[in-house]
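Have a look at the structure below before the remarks.
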2 protein chains.
Amino acid sequence: MTQDGTLPSPGHLGETAPRRGDVFDRDCPTRQLLDRVGDKWSVLILLLLGEGDMRFNGLKRRIGGISQKMLSQTLRSLERDGLVTREVEPTVPVTVTYGVTPLGCELLTALRLMIDWAETRMAAVAESQGAYDRRV
Amino acid sequence: MTQDGTLPSPGHLGETAPRRGDVFDRDCPTRQLLDRVGDKWSVLILLLLGEGDMRFNGLKRRIGGISQKMLSQTLRSLERDGLVTREVEPTVPVTVTYGVTPLGCELLTALRLMIDWAETRMAAVAESQGAYDRRV
DNA sequence: CAGCATCCATGACGATACTG
DNA sequence: CAGTATCGTCATGGATGCTG
C-alpha cells in the first residue's frame, strides 16, 4: 500500500500532464539517472571520491576489480554529467586529480543512504534468497 | 554513515582490512545491491509497487518499454530477494498480485530520495553535458 | 602516471511463439 | 491472465598492448 498517500492516483487514463517527471515514461530524463547509477562502476567511484579527492591510480587501487578502461570511461562520463571534477597539473609526468562537484555531492547523499541500507540489510536479503531457493 | 573519517592512509597501498561491508571490496555483498539496482527494471518495478499492489499486466502497462520476459524475470528476482510479495488467487484464469515487503519498503525510501534528486536536478546534469560537449 | 585503441567473450535484453 | 521457452542482437566490459 501507499505509505503516505501523497501520490495522485496514477491508475487513471493517459494524463499527458507532465508532472514533475514520470519515471515510468520511457522518455523521462530520469531514466538517464537510472542508467548512470545502473552501470557497474559509477556509484563506487562517486562514493570513493566522496571520501576525498583522488588520483587515477589511487582510484584504481581502491576499487576491487575495475579495469583501467572502465575507470577512464566512467570518470569521463561522470565529468560530463557535472558530477566529478578533473584537474590536471602540468608536472612531469602529468598529475590528474579527481573530486566531486557540489552536484555530485547532492547525489551522494542519496547514494549513501542506499548503500547504508545495503550494508545493514543485505544479510536479510541473503537469507530470503536461501529460503526461496530451498522452497523451489 | 559508514565513513569514520579515519581511512587507512589513502596514498599508501598495502592491506585494506575488510571492515564490515566495504563496498569497494569486490566480494562485499553490498555489490549485489548495486547489481540489483543496476539492472534496467528493478527500481522502476519497486517504485511502482510502492504506490500500491498491482497485477502482472498492470505493471506491464504502466512501465514504458518493458518486455514481459523481463518483467517476469525481474519480479522473480525481487521476490527471491525478499523485496516483493507474490500472491496467487486460484481463480480462472489465475490472478496474481504483487506488492512490496517491509524490507522492500525500506529500500524504497532510499530509492525515492535518489529519484527525487533526479527529477529536480537532471536538468542541471543535462546542461553540464551540453557544456562539456561544446568544450570538446 | 594517466590514459587511448583494439579485440573479443559474455550475457542482458527484446521479439516472437506457445501454454495452463 | 500470467506466464514459459527459444532465439538472435547488441552493448557492456575485461584483457592486452601502446603512448605522451
Side-chain angles (χ1 to χ4, degrees), chain A residues 11 24 26-27 31-45 48-49 53-81 84-99 132 136, chain B residues 10-13 24 26-27 31-45 48-49 53-81 84-99 132 135-136:
Chain A
F24 307 117
R26 58 149 99 243
D27 299 322
R31 286 271 183 108
Q32 292 177 20
L33 188 266
L34 290 179
D35 285 350
R36 186 113 306 289
V37 169
D39 73 51
K40 208 172 179 178
W41 304 110
S42 291
V43 174
L44 254 13
I45 292 177
L48 205 42
L49 288 178
D53 291 2
M54 212 168 286
R55 310 247 300 275
F56 189 88
N57 284 312
L59 286 163
K60 184 156 177 3
R61 268 190 301 271
R62 271 298 299 279
I63 303 183
I66 193 171
S67 69
Q68 98 30 311
K69 170 190 171 181
M70 289 317 296
L71 178 55
S72 167
Q73 196 173 106
T74 308
L75 281 170
R76 217 179 313 125
S77 290
L78 291 172
E79 188 198 355
R80 191 176 103 98
D81 289 348
V84 313
T85 61
R86 177 177 188 271
E87 275 170 77
V88 183
E89 290 165 85
T91 53
V92 178
V94 76
T95 302
V96 182
T97 306
Y98 292 93
Y132 183 95
V136 177
Chain B
H12 264 317
L13 50 88
F24 308 117
R26 58 147 100 245
D27 297 323
R31 286 272 182 105
Q32 290 177 21
L33 189 264
L34 290 179
D35 285 349
R36 187 114 306 288
V37 169
D39 74 52
K40 208 172 179 180
W41 304 110
S42 291
V43 175
L44 254 14
I45 291 176
L48 204 42
L49 288 177
D53 291 1
M54 211 168 289
R55 310 246 301 274
F56 189 88
N57 283 312
L59 285 162
K60 185 159 178 359
R61 267 189 302 272
R62 270 299 299 279
I63 303 182
I66 195 171
S67 68
Q68 117 277 49
K69 170 190 171 180
M70 288 318 295
L71 180 55
S72 166
Q73 197 172 106
T74 308
L75 282 169
R76 217 177 314 128
S77 290
L78 291 172
E79 188 198 354
R80 191 176 103 98
D81 289 347
V84 160
T85 61
R86 179 178 187 270
E87 275 169 77
V88 184
E89 291 164 85
T91 54
V92 178
V94 75
T95 301
V96 182
T97 305
Y98 292 93
Y132 183 96
R135 186 171 310 121
V136 178

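Just so we're on the same page: letters track the sequence lines, and every chain starts at 1. What you are looking at is a predicted structure, and each value in this text was computed from that prediction instead of being measured.
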B:F56 CZ to C:dG20 P, in whole Å, measures 17 Å

Please check this pair: side chain of A:T85 against backbone of A:G99, looking for a donor-acceptor N/O pair closer than 3.5 Å.
yes

A:L71 and A:F56: which non-hydrogen atoms are nearest, and at how many Å?
CD2-O, 3.5 Å

Please report the distance, rounded to the nearest Å, between CD in A:E89 and C1' in D:dG20.
18 Å

Taking atom C1' of D:dG3 as reference, at what distance in whole Å does atom CD of B:E87 sit?
18 Å

Not counting sequence neighbours, which residues clear side-chain contact (heavy atoms from CB on, under 4.5 Å) with B:R80? List them please.
A:Q129, A:Y132, A:D133

A:S42 and A:T74: which non-hydrogen atoms are nearest, and at how many Å?
OG-CG2, 3.4 Å

Could you measure the distance from the CG atom of A:D39 to the CE atom of A:M70? Nearest 0.5 Å is fine.
6.5 Å

With axes from five pairs an end, tell me the bend angle of the helix from C:dC1-D:dG20 to C:dG20-D:dC1, nearest 10°.
50°

Side chain of B:V94, heavy atoms from C-beta onward: which of C:dC4, D:dA2, C:dC1 has the nearest atom to it?
D:dA2

So, OP1 or OP2 of D:dA2: does either fall under 4.0 Å of a side-chain N or O from B:R61?
no

Residue-phosphate contact under 4.0 Å: A:Y98 side-chain N/O, C:dC1 OP1/OP2
no

Distance check needed: C:dA2 P versus A:D53 CG, whole Å only.
13 Å

Find out whether B:R55 and B:T95 are in side-chain contact, i.e. whether some heavy atom of one side chain is under 4.5 Å from a heavy atom of the other.
yes

Evaluate the side chain to side chain contact (heavy atoms under 4.5 Å, CB included) criterion for residues A:R36 and A:L78: first the C-alpha distance (whole Å), next the side-chain angles of each, then the deciding distance (0.1 Å), finally the verdict.
CA-CA 9 Å; A:R36 186 113 306 289; A:L78 291 172; 4.2 Å; yes

Rounding to 0.5 Å, atoms CZ (A:R61) and CG (A:N57) come to a distance of 6.0 Å

Under-4.0 Å side-chain N/O to phosphate OP1/OP2 contact, A:R76 with C:dC4:
yes

According to a strict under-4.0 Å criterion, is A:R55 in side-chain N/O contact with OP1 or OP2 of C:dG3?
no

Taking the side chain as everything from C-beta on, heavy atoms only, tell me whether B:L49 gets closer than 4.5 Å to B:L59.
yes

Output the rounded distance in Å from NZ (A:K60) to C1' (C:dC4).
15 Å

Between atom CZ in A:R36 and atom P in D:dT12, what is the gap in whole Å?
10 Å

Give a yes/no answer on whether the side chain of B:S72 brings an N or O atom under 4.0 Å of OP1 or OP2 in D:dG3.
no

Output one line per pair: protein atom, nucleotide atom from nucleotides 13-19 of chain D, and distance, for all N/O pairs under 3.5 Å.
| unit_1 | atom_1 | unit_2 | atom_2 | d |
| --- | --- | --- | --- | --- |
| D:dG13 | OP1 | A:K40 | N | 3.3 |
| D:dG13 | N7 | A:K69 | NZ | 3.2 |
| D:dG14 | OP1 | A:K40 | NZ | 3.3 |
| D:dG14 | OP2 | A:S67 | OG | 3.4 |
| D:dG14 | O6 | A:K69 | NZ | 2.5 |

Here the distance between atom C1' of C:dC4 and atom CG of A:L75, to the nearest Å, is 14 Å

May I have the distance from A:E79 (atom CD) to C:dA2 (atom P), rounded to whole angstrom?
15 Å

